[in-house]
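For ligands, and for the atoms within them, numbers begin at 1 and follow the listed sequence.
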Amino acid sequence: MKRYLVDFKNELCEGKYFDIVIIGAGIAGLYTALMLPKKLKIAVLSKKEIDDSDSYMAQGGIAASIGDDDRELHVKDTVNAGCYVNNVEAVKVLVDESEQAVENLIELGVNFDRDDQGNFYRSFEGNHSIPRILHVNGDSTGKGIMDVLIRGAESADNIEIISDIFALDIVENRGKCCGVTAFYKGRSVYLTSRYCIIASGGIGQLFSKTTNVDVLTGDGIAMAIRADVKLKDMEYVQFHPTAFYSGNTNDRLFLISEAVRGEGAVLRNIEGKRFMEEYDRKMELAPRDIVARAIFDQMNKSSSKYVYLDATMYDKDFLQNRFRQIYRECENNSIEMYRDYIPVTPAEHYFMGGIEVDLFGRTSMEGLYAIGECACTGVHGANRLASNSLLEALVFGKRAAGDISEKISCGEVCTLPKLKNEDSLNGKNKEVYFDEFKRSLKILMEKHAGIIRNTDDLKAALDIVEDRLSKLETSSLKSVESVETYNMYQVARNIVISILESKASIGSNYVENYFKDDKVLR
Ligand code: SIN
């Protein structure tokens, strides 16, 4: 079967040999690189610039159980948000190792915000029973952590960060991963490695409205699909309830962190009326899927494209200090948070599904690991608890690094693979307009695989996706844009099939016609 996008040939290697290639330079990729032994030669591939990632934009923070007292509750809140379909063993690992993850970041140089007594400043977010979210520089947590990790990786002799490289395929030899093909500087290259780690992030660009940066087209997951690596929970897509509504939906939507509601801001409909009491007793701090659906319902009822977030109970000083980035963005849009309501709309934010991994980030292919948003450990269940994702990347990144170090120190030998030259997908179909294909996929996914799903509509959507995929497979996939389009369709197809095969409406997989058949678990 033709599964590779370009022929891999040993001639393409250019002598570039690494012990480990990490695809993705967000928190998951960089932190894992830093946790690996210094004697290993590591490449970290960044699709664009090193700061072009969702990790860099992360506002909320890191949920962490500091001290033993909170652990049971953190597990309970995570599983409750996830609708009890989480992998509980993975959740326990996540929570038990959270304090260590925070300590590791502090050792690397991250300065978490603290109160006057020097204790961590801990915030609330949706469905957390107690305040346990740590942050850096108010709402710039991602930047605060990423700047430290980037500096660490850049100054490490064993780590080479390669920017503007677009990974294409995982190369496999006799069932074992042995490298990656990529587009680099206008041509195809092949990087051989003993282990590969996919840390390529999310899938936001499959939807019209997303908080994700534009590089997030599901590339790593599509690579796994082509390599026949197992996926899991592909039906669970999380919509963040409060992205800033500016009227311009072509670009990434600016996030208004859940921490704003955590500090006490409330939601109001277009008439200015608070509405969350109609939907959940936890009101604005109900699990994300519930709040997103409530907003969607209010928007539909009033034929409005947004609702309001009201933070006017706070004074300017508090808001400006606690939410510097958000305050600035609102101001740029002529909104003073202390005085004006903020127009918000739900937008795709996080993917709970992805490449199936075990407690050490191992995928179904020998030598291939996945961590962060592209991976599915099962910790998030059907709906992620706020601020558990950076934590997941840290905890399971470290575990993957530990597993690889043990194997390598056990003297596992690495032989350069003897590769057969395979045929690549290399068609000539000219009826494919990648830009248009991307645009229409986003609309289709937003409408049919978004906040409310209906399996009857999805069957028709699947036909369209499959028709487009067959056109793409006979076209020339020789540019970043063409491969991104193909990746998006491959991932979309898997999501739609997973929804159609899902047995019940649970959490973020809200299937309206299942309600007539009683296939409802929340
Ligand atoms: C937020 O700040 O609301 C996002 C945090 C998260 O997605 O966990």
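Heavy atoms of Asn388 found under 4.0 angstrom from ligand 1: none, in either backbone or side chain.
Here atom 4 (C) of ligand 1 lies nearest to Arg288 when heavy atoms of Gln59, Arg288, Glu258, Arg384 are compared.
Ion pairing of Glu99 with Arg71 is present here, as a side-chain N (NZ or NE/NH1/NH2) and a carboxylate O approach within less than 4.0 Å. The existence of a salt bridge linking Glu125 and Arg261 is excluded, since no basic side-chain nitrogen approaches an acidic carboxylate oxygen closer than 4.0 Å.
Under 3.5 Å, the side chains of His240 and Thr211 contain no donor-acceptor pair of N or O atoms.
Taking the six-membered ring for Trp and the full ring otherwise, Tyr510 and Phe239 have centroids separated by 6.0 Å or more. Annotation: Tyr341 is in aromatic contact with Tyr308 [ring centroid separation under 6.0 Å].
Close to ligand 1: Leu255, with a non-hydrogen atom less than 4.0 angstrom away.
Ranking protein heavy atoms by distance to atom 2 (O) of ligand 1, first place goes to Ser257 OG, 2.6 Å.
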Report the C-alpha separation of Thr217 and Lys47 in whole Å, then their side-chain angles, then the decisive distance to 0.1 Å, and conclude whether the side chain to side chain donor-acceptor pair (under 3.5 Å) test is met. CA-CA 11 Å; Thr217 47; Lys47 190 170 168 184; 3.0 Å; yes

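Looking at ligand 1, you'll find an N or O of His240 within less than 3.5 Å of one of its N or O atoms.
Listed by number with element, the atoms of ligand 1 under 4.0 angstrom from any heavy atom of Ser387 are 6 (C), 8 (O). Annotation for ligand 1: atoms under 4.0 Å from non-hydrogen atoms of His349 are 4 (C), 6 (C), 7 (O). For ligand 1, the atoms sitting less than 4.0 Å from at least one non-hydrogen atom of Ala386 are 8 (O), numbered in the order shown with element in parentheses.
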